[in-house]
Trainee: 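Structure in structure tokens, see below.
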There are 2 protein chains.
Amino acid sequence: MNEQFKLDNQLCFRLYTASRLITQEYHPLLSQFGLTYPQYLVLLVLWEKDAQPVNDVAKRLVLETNTVTPLLKRMEAEGLVTRCKGLKDARQMIVSLTVKGKRLQDKLAAVPSAVGNAVICQSVTPQTVPVLYRMLDDIIEKLKAAGE
Amino acid sequence: MNEQFKLDNQLCFRLYTASRLITQEYHPLLSQFGLTYPQYLVLLVLWEKDAQPVNDVAKRLVLETNTVTPLLKRMEAEGLVTRCKGLKDARQMIVSLTVKGKRLQDKLAAVPSAVGNAVICQSVTPQTVPVLYRMLDDIIEKLKAAGE
DNA sequence: TTAATTTGTATCGTTCACGATGCAAATATA
DNA sequence: TATATTTGCATCGTGAACGATACAAATTAA
């Protein structure tokens, strides 16, 4: 049996599994506020900088606009954001936080540390996390560059 | 602005992005054989050990059976696997490779190294990959244990 | 200025993920 | 043996992801 085909030798399977399991950790913390994990990511982006075009939100999350558009529409239906046509460029759709969307930040104050603590283990500690971040960032940059 | 809410301080976002980008690397390599990445993972599992119940395949991939069942049905429709009722236990559905499913392994021989090479970068080299594997495996085990 | 191209979003179709639920076969308990 | 519980798989509904496509607004070129 070819070693390269072994599941235990697959980087992508590890990333895929770790990503899903951490997302599952977020689920009970976010669902009580009617949020999904991708919606939470949109909030993180808008909390950093409010009133951005769809394209900027998508780029920040490394997602396509055809993923982000329906996601934002659901958030608009929930009253978390507003979507208004751009004034300078009528093609743009500017996404802004509502008061409800802004206030959610305080209510979610416990989320980052709760998930952070759930991930701490033998080889992933506050001291070693930068090493992991560095590797993942390098992989992400490499693949973003490869995809132009 | 709370540091904990910054996107750049989120482990999960990195994992999520890295996972999606690597999966995108697989896409052109797999789609020419009509495969998706999760379907490729099922093949990896069955190439290691043929004829397994749905439950074992799902557990190996850390997925729920309600995710794996429709996935397997699509693979059955493509003639890659067969699904037969278990003889010992009539509740079980045994998934086995067809000749077509077995032969695909040779045709996909170039895939693992192609993706592996695409990921090599400054901080992720054949020497440092074990460190990354260790960290991801620890996180996965920690979260699997937390979810019982 | 008119025509060609690019850009920003949106729509559509397919395939995951996954919580909730249903059901039959197997096992445990009374 | 009858009943209760557990187990293995499937169905359903919702929300991502994403390739393909469409379309209008903006930009560039002729």
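Letters A, B, ... are given to chains in the order of the sequence lines, protein chains preceding strands, and every chain is numbered from 1.
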Trainee: Is the phosphate of D:dG8 approached by B:T65 (side-chain N or O, under 4.0 Å from OP1 or OP2)?
Mentor: no
Trainee: Where does the angle between the aromatic ring planes of A:Y16 and B:Y37 fall among parallel (under 30°), tilted (30 to 60°) and perpendicular (over 60°)?
Mentor: perpendicular
Trainee: For D:dA17 and B:Y16 - does any side-chain N or O of the residue sit under 4.0 Å from the phosphate oxygens OP1/OP2?
Mentor: yes
Trainee: Specify the residue among B:Q39 and A:D89 whose closest nucleotide of DNA chain C lies further upstream toward the 5′ end.
Mentor: A:D89
Trainee: Between C:dC16 and A:R20, is there an OP1 or OP2 to side-chain N/O distance shorter than 4.0 Å?
Mentor: no
Trainee: In whole Å, what is the span from the CD atom of B:E64 to the P atom of D:dC9?
Mentor: 13 Å
Trainee: Specify the separation, in whole Å, of atom CE of A:M93 and atom C1' of C:dT11.
Mentor: 14 Å
Trainee: Side chain of B:N66, base of C:dG19: donor and acceptor closer than 3.5 Å?
Mentor: yes
Trainee: I want to verify a distance call: between D:dA17, D:dC9, C:dT15, whose nearest atom is closest to the B:T36 side chain?
Mentor: C:dT15
Trainee: Is the shortest distance from a Lys or Arg side-chain nitrogen in B:K6 or B:D8 to a carboxylate oxygen in the other one below 4.0 Å?
Mentor: no
Trainee: It should be established whether B:Q24 places a side-chain nitrogen or oxygen under 4.0 Å from OP1 or OP2 of nucleotide D:dG19.
Mentor: no
Trainee: What nucleotide among C:dT9, C:dC18, D:dA17 has an atom nearest to a side-chain atom of A:T67?
Mentor: D:dA17
Trainee: Could you tell me which residues satisfy side chain to side chain contact (heavy atoms under 4.5 Å, CB included) with A:R134, sequence neighbours excluded, listed by chain and number?
Mentor: A:D138, B:Q122, B:S123
Trainee: Please state how far atom OH in A:Y26 lies from atom C1' in D:dA16, giving the value in whole angstrom units.
Mentor: 17 Å
Trainee: Can you find a donor-acceptor pair, distance only, under 3.5 Å between A:R91 side chain and C:dT7 base?
Mentor: yes
Trainee: Do the side-chain N or O atoms of B:K73 get closer than 4.0 angstrom to the phosphate oxygens (OP1, OP2) of D:dT11?
Mentor: yes
Trainee: For B:R74 and C:dA17, what is the distance between atoms CZ and C1' respectively, to the nearest whole Å?
Mentor: 11 Å
